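Below is one structure, written out as structure tokens; the observations come after it.
As the structure is a prediction and not an experimental result, all values here were calculated from the model.
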Amino acid sequence: MRQSAFNPKAAVVIGVFSISTSAILVRLATEAPASIIANYRLLFSVLLLLPFILFHYKHEFKRISTKNWWLSILAGVFLALYFILWFESLNYTSVASSVVLISLQPIFAFIGTYFIFGERFSSGAIISIFIVLLGGLIIGSGDFQLSGEVIYGDMLALLGAIAVTIYFLSGQHVRKNVSLITYTFIVYGISTVILTLFNLIRQENFFSYPADHWWIFIALAIIPTFLGHSLFNWSLKWLSTSTISMAIVFEPIGASILAFLILNETPTWAQFLGGTIIVFGLFLFILSTSRKNKVTISTKNHK
């Protein structure tokens, strides 16, 4: 494969920093409900993708099967639910706890593939899952001593991790037949429609927000979405899936550091210890579930 003009590893570093800003930006939008923040993040993401669709990818829509449309709708529903649950969790629990618990998605994904596709657990995966559970229990026990609201936030984050897992599993089949840009545009668009209807039903305020909030909404679409997840997908042309997964595990560390510097939020001993154990467990889990041979990614699936 032709060498990239830009170092893929540098792109991954930028991506990790970018996704680490997501929780911080949400916390800074203090006057907007979680569903509105999610609504505008996805809406602005769709608008940024629109020129690419119109000039390069619109022909792909004719080739999408009915099954893939339904799977995309399902993915869009759970992506919207994921953002609502995760952003809402940040109103109750710390950035450190919320981001660490959301990072459990690979564990839920592996459990899902076990029941859906019959994939088997290795001994290393089982050990790592118990390590992660131990870390979660430490965070939960520490947060329980703080208040019931903090535990409620932790539960929302866990439910968000389950929702984003279903989102990923729903899109697995579609991504084999639809390019990344087209699939992302469809799913983000569906999520935007769902969130708009949800906010209309709840009679949420759509417009009366301070000017800095609008910059936050736009920043969420640009920084964690395009400079984060899009760079990861671009890097898959040159780096293995396991390498990208290992890098993403650093998100809780980056988010916790930013929360300390920007929000003056210091993790409790339980959050620090439990989070460290979870990150270690996730590293072990990814190592134990990765293929020994280098993963080859088809470029046509990651346009």
The reported gap from CG in L49 to CG in L42 (rounded to nearest 0.5 angstrom) is 10.5 Å
Does CZ belonging to F283 count more than 12 external heavy atoms closer than 6.0 Å?
yes
Mind telling me whether F217 and H213 have parallel, tilted or perpendicular rings, with 30° and 60° as the class edges?
perpendicular
For residues Y183 and I186, determine if any side-chain heavy atom of one lies less than 4.5 Å from a side-chain heavy atom of the other.
no
Atom CD1 of I102 and atom CG of L159: how far apart are they, to the nearest 0.5 Å?
9.0 Å
Pairwise side-chain contact, I84 with L195, heavy-atom cut-off 4.5 Å (strictly under):
yes
Close side-chain approach of H56 to P51, heavy-atom, < 4.5 Å:
no
Just so I know, are the side chains of D212 and L28 near enough to count as touching, which here means a heavy-atom distance under 4.5 Å?
no
Quick check: closest heavy atoms across I19 and G228, and the distance to 0.1 Å?
CG2-CA, 3.7 Å
Between atom CZ of F226 and atom OG1 of T184, what is the distance when rounded to the nearest 0.5 Å?
8.0 Å
Separation between CG of N177 and CD1 of I64, rounded to the nearest 0.5 Å:
9.5 Å
Whether over 12 other heavy atoms sit under 6.0 Å from F52 CZ:
no
Which distance, rounded to the nearest 0.5 Å, do you find between the OG1 of T266 and the CZ of F260?
5.0 Å
When you look at OH of Y209, are more than 12 heavy atoms from neighbouring residues, nucleotides or ligands closer to it than 6.0 Å?
yes
Quick check: do L282 and I278 have side-chain heavy atoms less than 4.5 Å from each other?
yes
Criterion side chain to side chain contact (heavy atoms under 4.5 Å, CB included) on L220 and T225, from CA distance to verdict
CA-CA 7 Å; L220 279 166; T225 305; 5.7 Å; no
Could you tell me which non-hydrogen atom of T182 sits nearest to which non-hydrogen atom of I53, and how far apart they are?
CA-CD1, 3.9 Å
Report the residues that fulfil ring pair (Phe, Tyr, Trp, His ring centres under 6.0 Å) with F87, sequence neighbours left out, ordered by chain and then residue number.
F83
Give the C-alpha distance, both sets of side-chain angles, the deciding distance and a yes or no for side chain to side chain contact (heavy atoms under 4.5 Å, CB included) between L85 and L81.
CA-CA 6 Å; L85 290 168; L81 182 61; 3.7 Å; yes
May I ask whether F185 and L48 are part of the same hydrophobic cluster, defined by side-chain heavy atoms of I, L, V, M, F, W, Y residues being less than 4.5 angstrom apart, directly or through others?
yes
Provide the closest heavy-atom pair for V100 versus P252 in the form atom of the first, atom of the second, distance.
CG2-CB, 3.5 Å
Minimum heavy-atom separation for L90 and R27, please, with both atom names.
O-CD, 3.1 Å
Would a line drawn from the ring center of Y167 to the ring center of Y82 be shorter than 6.0 Å?
no
Any L54 side-chain heavy atom under 4.5 Å of L50 side chain
yes
When clusters are formed by joining ILVMFWY residues with side-chain heavy atoms under 4.5 Å apart, either directly or through shared neighbours, do I190 and I201 land in the same one?
no
Check whether L137 and Y152 end up in the same hydrophobic cluster, where Ile, Leu, Val, Met, Phe, Trp and Tyr are linked by side-chain heavy atoms less than 4.5 Å apart.
no
Atom CG in D154, atom OG in S89: separation rounded to 0.5 Å?
8.0 Å
Are E251 and S103 close enough that a side-chain donor and a side-chain acceptor fall under 3.5 Å?
no
Closest heavy-atom contact between S170 and V174?
O-CG2, 4.0 Å
Would N39 and T192 count as a side chain to side chain contact (heavy atoms under 4.5 Å, CB included) if you check the C-alpha gap in whole Å, the side-chain angles of each, and the deciding distance to 0.1 Å?
CA-CA 6 Å; N39 203 157; T192 301; 3.9 Å; yes
Is the backbone of N205 close enough, under 3.5 Å, to the side chain of N199 for a donor and an acceptor to pair up by distance?
no
If you define the side chain from C-beta out and look only at heavy atoms, does anything of R41 sit under 4.5 Å from P224?
yes
Would you say the side-chain atoms of T93 and S98 include a donor-acceptor pair closer than 3.5 Å?
no
With distance as the sole test, does E60 use its side chain to make a donor-acceptor pair with the main-chain N or O of V178 at under 3.5 Å?
no
Apply side chain to side chain contact (heavy atoms under 4.5 Å, CB included) to the pair F280 and I131, showing each step before the final yes or no.
CA-CA 8 Å; F280 172 75; I131 291 173; 3.9 Å; yes
Should side-chain heavy atoms under 4.5 Å link Ile, Leu, Val, Met, Phe, Trp and Tyr, which residues sit in the same cluster as V193?
L197
Which heavy atom of A29 sits nearest to which heavy atom of I216, and what is that distance?
N-CD1, 3.9 Å
Among the clusters formed by ILVMFWY side chains lying less than 4.5 Å apart, do F44 and F206 turn up in the same one?
yes
Do you reckon V132 sits in the same ILVMFWY cluster as F272, going by side-chain contacts under 4.5 Å, direct or chained?
no
With side chains defined as the heavy atoms from C-beta onward, is the minimum distance between V99 and S256 less than 4.5 Å?
no
Could you list the residues that satisfy ring pair (Phe, Tyr, Trp, His ring centres under 6.0 Å) with W69, not counting sequence neighbours?
none
